[in-house]
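In what follows, a structure is listed as structure tokens, so that the remarks can point back to it.
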Amino acid sequence: MASVTSRLRRRPSHDYMAMAVPAEHREQHFESAEVVRDIIIGLSDGLTVPFALAAGLSSLGNNRIVVYGGAAELVSGAISMGLGGYLAALSEIEHYKTEQMREYREVEECPQDEEEEIVEILEPYGLDRETIQPIIDKLKGDPDKFVDFMMRFELNLEMPDPRRSWISALTIGFSYFIGGLIPLLPYVFIDNAMHALYISIAVTSLTLLVFGYIKSRLVNPKSAVKGAFQTMLIGALAAGASYGIVYFLPSEHDA
């Protein structure tokens, strides 16, 4: 009996150990949102615009026109989208710096007004002036921290990554090119423009469906299926409108 008791004392209880040591708390947050946003922008336009253009040109019945026109639009569109992303990111940095300079000036010239703004920011969280005052005094001792606080909580602005401009340009441009390549590939391998159109519709519709689902899962998982069909519907409407416009335009034979 004594030997059994000693063995029980020496043997650790796994259940007890699991309860005694708390599990490490890990917060799962969605990161790299800006890169994902750029990918979504590039792929959305890349899957829709070249698809609509190729569908419209298919009504002419000349496969070579579709390939040449689609390739030209694909390259020019990728460059245009990339430049647009670059300029947009650059403007965000310039906007932040402009507002930052204005905040430095306001902190220096009218500190009382800035202090009242801090109170207005924190009061809705149940903090009175007496509780907030030590925070104000601490911020007043460091103008850089003061300005940073006002940028974040008054203007809801954070300093963009300086590399953001060219990363955005490359991400959007490359995503556009990859997305636009999908609806054009059938025309490269199939000589008959209408047959290539049918395959392009099938392949692009499936791609839009999958892309819409993944995009919606990242943004709002509960409406992922709805988002998938919405994305596919938008692409189909754009392609149908483009095809109809070119088809009903007067041709040389009608003249």
Side-chain angles (χ1 to χ4, degrees), residues 34-88 167-221 223-252:
E34 293 179 339
V35 175
V36 173
R37 182 192 64 187
D38 290 342
I39 292 175
I40 290 174
I41 292 173
L43 283 177
S44 297
D45 281 6
L47 286 168
T48 305
V49 178
F51 176 45
L53 175 65
L57 295 178
S58 297
S59 62
L60 299 176
N62 190 325
N63 190 64
R64 182 172 296 182
I65 293 178
V66 179
V67 173
Y68 289 171
E73 195 285 328
L74 186 60
V75 174
S76 61
I79 294 174
S80 176
M81 290 290 293
L83 288 176
Y86 177 83
L87 294 175
I167 291 176
S168 179
L170 292 176
T171 303
I172 294 178
F174 184 73
S175 300
Y176 183 93
F177 185 86
I178 295 299
L181 200 61
I182 294 174
L184 291 179
L185 284 177
Y187 298 94
V188 176
F189 298 104
I190 301 175
D191 293 332
N192 188 293
M194 294 307 299
H195 291 170
L197 172 62
Y198 298 145
I199 296 178
S200 178
I201 290 174
V203 172
T204 307
S205 297
L206 180 61
T207 305
L208 285 169
L209 196 66
V210 173
F211 169 70
Y213 180 82
I214 295 174
K215 179 186 68 174
S216 299
R217 285 283 299 177
L218 294 173
V219 179
N220 186 8
S223 62
V225 176
K226 179 181 178 181
F229 282 100
Q230 283 180 341
T231 304
M232 185 180 68
L233 180 61
I234 291 172
L237 289 175
S242 178
Y243 181 89
I245 290 172
V246 177
Y247 181 81
F248 289 108
L249 284 177
S251 62
E252 295 180 356

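Bear in mind that the values here come from a model prediction, so they are computed numbers and not experimental data.
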Give the minimum heavy-atom separation between [X] and [Y], together with the two atoms involved.
X      : Y      : answer
Ser58  : Met194 : O-SD, 3.6 Å
Ala224 : Ser216 : CA-CB, 3.4 Å
Leu53  : Glu73  : CD2-CB, 3.4 Å
Ile190 : His195 : CG2-CB, 4.1 Å
Ala54  : Leu184 : CB-CD2, 3.8 Å

*asked:* Applying side-chain contact (heavy atoms from CB on, under 4.5 Å) to Leu181 and Leu74, what does each step give before you reach the verdict?
replied: CA-CA 7 Å; Leu181 200 61; Leu74 186 60; 3.8 Å; yes
Separation between [atom1] of [X] and [atom2] of [Y], rounded to the nearest 0.5 Å:
X      : Y      : atom1 : atom2 : value
Ile178 : Tyr176 : CD1   : OH    : 13.0 Å
Met81  : Leu83  : CE    : CG    : 11.0 Å
Asn192 : Tyr198 : CG    : OH    : 8.5 Å
Ile182 : Thr207 : CD1   : OG1   : 4.5 Å

Side-chain donor-acceptor pairs of residues 40-49 under 3.5 Å, sequence neighbours excluded:
| residue | atom | partner | partner atom | Å |
| --- | --- | --- | --- | --- |
| Ser44 | OG | Ile40 | O | 2.6 |
| Thr48 | OG1 | Ser44 | O | 2.8 |

*Can you list the residues that meet the side chain to side chain contact (heavy atoms under 4.5 Å, CB included) rule with Ser200, with sequence neighbours excluded?*
Phe51, Pro183, Pro186, Tyr187, Thr204
*Partners passing side chain to side chain donor-acceptor pair (under 3.5 Å) against Ser80 (at least two apart in sequence or in another chain)*: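 Not a single residue meets the side chain to side chain donor-acceptor pair (under 3.5 Å) criterion with Ser80.
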*Donor-acceptor contact below 3.5 Å, side chain Asp191 vs main chain Asn63*: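 Judged by distance alone, no pair lies under 3.5 Å.
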*Let me know which of Ile39, Asp38, Val35 forms a side chain to side chain contact (heavy atoms under 4.5 Å, CB included) with Ser175.*
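It is Ile39; the other options fail the test.
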